Amino acid sequence: MSTALEGIRVLEVGGTADFALPYAGLLLADLGADVILVEDSTGHPLRAGHPALPPDSAVHGAIFDFLNTGKHSVSVDYSLPSNADFAALVASAHIILTTLLPEEFAALDVNIPTDQAIAIVHVTPWGATGPYRDRPATSLIVQAAAGWVTSRKEVVMEPVQVGGQMHEWATGSYISVSALTAYRAAKQQHTPVTVDFSEFEAAHSMLCYDRLRYDARGELGVPRDRILISPFGIRRCVDGWVGINTLTQAQWEDACRMTGLEDYYGFMQEMNRGEGPLDEFSAKVDAFLADKTVNELVTLGQSMRVPTIPVTQGKEMFALAQWQERPFFYEVVGNQSTYQVPGPPWRLSVTPARQGTSVGKR
Amino acid sequence: MNQPLPFAGIRVIEFAHFWSVPYGTMYLASQGADVIKVESVQRPDVWRANHTAPILGDRWMDRGLLWQATNLDKRDITLDASNDQGRALLKQLCEGADIFIENYASHVVEKQGLGYEDLKAINPGIIMVRAPSFGNEGPWKSYVGWGDVFEQVSGFATVTGYPDSRPQTPGGYMDPIVAMHLTTAIIAALEYRDRTGEGQLIEVPQSEVGMAMAGAILIADQFGYPPERPGNRAPGYAPQGVYRTGDAEKTYIALSIRDDQEWQSLIAMVGMPTLDAFAASGLKERHEHHDEIDAIILAWTLAHPANDLLSRLQSAGIPASRLLKPVDYNIEPQLVDREYYQELDHPLSGPRLFPTFPMHFSYEATRKVHSRPAPTLGQHNEEILRGELGVTEAKYADLIASNVIGTEPLQS
């Protein structure tokens, strides 16, 4: 069966210990692109692991395999000037995803014809210009600079990062969009198109409305700081954690009704700001949850249109009723063990994503 | 002359509300697509009501800045799709469209005769995109959710927070993330249609986008490393953390020590004998004594303003940054230098700085990313319905009279 990106060759060149670019390549591979990981003699840095992962080569290997399913890997010392093998790969490519800055890529001395329809996406922590361009970065530093390190939704808590390298995975989706947009432009204009892609700006793009919200609140005459907390939020119950989420007054009242706390209908705004009778409210919510299971609460909450959900702990996800019935996770057979991974996040009716049962055949 | 933008000539019908889908279509609009947002006077996009109120003046539902920031570069019409005439016009629009995209509850479009099979019958090349919460099938197909919910169910809340805190919801980043995933799929489907002429149905469940990003969490768990809340730490770096500074206004910096050389630089900079005691410590020992080391670093940062600390850390090549706060977004030097925020003048709410995107294309070197402010409700009714669909003057007046179209919400 034909795939959406059949015939499009993507090279991944360079690489850092960061999930963003490899995840972008994985998304393109899922859609049928011919993605080639170009590794020099030192190998991709993620083969040695990610600084946020446990120092265990088996984990590193499995995650590396997952990120590179459906891709090919070739060993080419692209950093050697005028490497003919690399030049041939570039001549055959439609998209290049690289962690090299534009001048670093230019120094590889690969001649790209002015009429080659090729997209070259330079993915760097800060972008190829600007005062921060050469600053060192880690995952925490990019998050901090972009505005991701906050007190989350607690009244009192020291600022904390978002775990799971969420911003790196999310950034991968901005990169895949960049690559396909630039390739479309390159085809139309019969010329190479380059993209200066900033991971910092990508992370910032996911929360950049907070400044507009700050301005709007000032104009509305309410405290400028954004909503501080989620009064129901994430709570412990008999067998795990449950999220009870309220966005609107209607959902708030339904959640109060669900927990027998109708007396608090009028306190949403106040408690969202971390004010009012929070402690007594919190104690009453916990008392209500104390003898109930996650499944009971989710069923009850959703029946009342309250966005109530299990707060999953890792592999608990596999057992959720929705994905028992709707195949999404699939098993891969690795070198030493068998494990499950998530499938692609989309279903295309005519050009299904590639999916299989073993590494390399996704 | 400037080249046309990559999505010039692509018409997108957006039958969607809130943030996720409209953010994705705004990206396509900023790259040249003709995005027509379809609302109704009965049910305007609920996102319009976010952070706005009658106190701001007339047409307050056009003044919401978050709604505007999600709908730049688009055209806007109203059509009551529950009315036969409104539905017929919407279908007429779809005849000439390339993409129809929706994010309502799973039964809504079918009920209105706008399911994929309905649209395919009138336009075989159309690409229909659906972004349900949990999928259009399965026991949770009617479950309600929004960004926080998807972060909780996909495991990211469990790994966010301190070891002794409850799980923390990252905070609603999923909408733009879903948007970029579905936009990736849309552009791929356009590639396929360019080759074959064939359209298709794309489903991007928002919860599955979160789960697709949880591969590392899931694999680590299956290899014996159940998810933990690491605070601000990471196994590969130590010390790493967030520290309050000595500024009068509450300010924090983050720093990471990646290797022994950076560790020696930090020890010399801090200049406290208590830290010197750890001079010979490698990564493993620094992790073992992380709490003690943090206390010493905090004593140092509390004694200095953030500017001084950052200047010294960055000069020494140590990764460090201030924690960015919303009040500073528009003056953040790197964002300012790269013109991340762009001013657009809205006829009702005046000039404002709106976000652009993190990708800077070579063909955009001299072009502003956004070309026009967000539309008002039904602003392009006449232009599109009369000018492009050929609705007669009499019928147009009748559509207004019967509230099939309009420019003011029927109820505030």
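Worth saying up front: this structure is predicted, and the values here are computed from it rather than measured. Order of the sequence lines sets the chain letters (A, B, ...), proteins ahead of strands, with each chain counted from 1.
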Please classify the contact of [X] with chain A as side chain, backbone, both or neither, using a heavy-atom distance under 4.5 Å.
X      : value
B:R352 : side chain
B:D194 : side chain
B:I318 : backbone
B:Y340 : side chain
B:L5   : backbone
B:R193 : neither
B:I177 : both
B:F361 : both
B:E198 : side chain
B:I127 : neither
B:I55  : side chain
B:L28  : neither
B:E151 : side chain
B:Y225 : side chain

Considering only heavy atoms, which portion of [X] lies under 4.5 Å from any heavy atom of chain B: side chain, backbone, both, or neither?
X      : answer
A:W241 : side chain
A:A58  : both
A:I234 : both
A:R133 : backbone
A:E199 : neither
A:S337 : side chain
A:I175 : neither
A:Q302 : side chain
A:A119 : neither
A:M317 : side chain
A:Y132 : both
A:Q340 : both
A:V142 : neither

Roughly how far apart are [X] [atom1] and [Y] [atom2], rounded to 0.5 Å?
X      : Y      : atom1 : atom2 : result
B:L190 : A:L180 : CG    : CG    : 10.0 Å
B:S349 : A:E219 : OG    : CD    : 8.5 Å
A:L207 : B:D175 : CG    : CG    : 12.5 Å
B:M211 : A:L320 : CE    : CG    : 5.5 Å
B:Q222 : A:T338 : CD    : OG1   : 10.0 Å
A:E201 : B:R338 : CD    : CZ    : 4.0 Å

Pick from [options] with the largest number of heavy-atom pairs that fall under 4.5 Å of chain A:
options                        : answer
B:V46, B:V159, B:T52, B:V144   : B:V144
B:T184, B:D337, B:L182         : B:T184
B:I253, B:I202, B:I217, B:L201 : B:L201
B:A254, B:G155, B:P170         : B:P170

Between B:Y162 and A:E158, a side-chain donor and acceptor under 3.5 Å:
no
Ignoring hydrogens and angles, state whether a donor on the side chain of A:S349 or B:Y116 is under 3.5 Å from an acceptor on the partner side chain.
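Checked: A:S349/B:Y116 side chains show no N/O donor-acceptor pair below 3.5 Å.
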Between A:Y174 and B:F357, is the gap from one ring center to the other below 6.0 Å?
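So the answer is no for these two rings.
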Using modelled atom types only, decide if a donor and an acceptor are shared between the side chain of [X] and the backbone of [Y] within a distance under 3.5 Å.
X      : Y      : answer
B:Q334 : A:T129 : yes
A:R184 : B:P6   : yes
B:N232 : A:P159 : yes
B:S362 : A:V193 : no
A:Y209 : B:A69  : yes
B:E203 : A:L348 : no
B:Q314 : A:R135 : no
B:Q31  : A:T181 : no
A:R213 : B:L65  : no
A:Q322 : B:W140 : yes

For a quick test of your reading: what N or O donor-acceptor pairs under 3.5 Å do the side chains of residues 321-331 of chain B make, sequence neighbours left out?
residue	atom	partner	partner atom	Å
B:R322	NH2	B:N307	OD1	2.4
B:K325	NZ	B:K250	O	3.0

Ignoring hydrogens, what is the shortest heavy-atom contact between [X] and [Y]? Give both atom names and the distance.
X      : Y      : result
B:R258 : A:P136 : NH2-CB, 3.5 Å
B:S165 : A:M157 : CB-SD, 4.3 Å
A:R305 : B:S142 : NH1-O, 2.9 Å

Angle between ring planes, B:Y173 versus A:W148, binned at 30° and 60°: parallel, tilted or perpendicular?
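Ring orientation, 0 to 90° scale: tilted.
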What pairs with B:D221 under side chain to side chain contact (heavy atoms under 4.5 Å, CB included), at least two apart in sequence or on another chain?
A:K315, B:P226, B:P227
Applying the side-chain hydrogen bond (donor to acceptor under 3.5 Å, both in side chains) criterion to B:Q168, which one of A:K153, A:E154, A:Q161, A:R152 satisfies it?
A:E154
Could you tell me whether A:Q324 atom CD has more than 12 heavy atoms of other residues or ligands within 6.0 Å of it?
yes
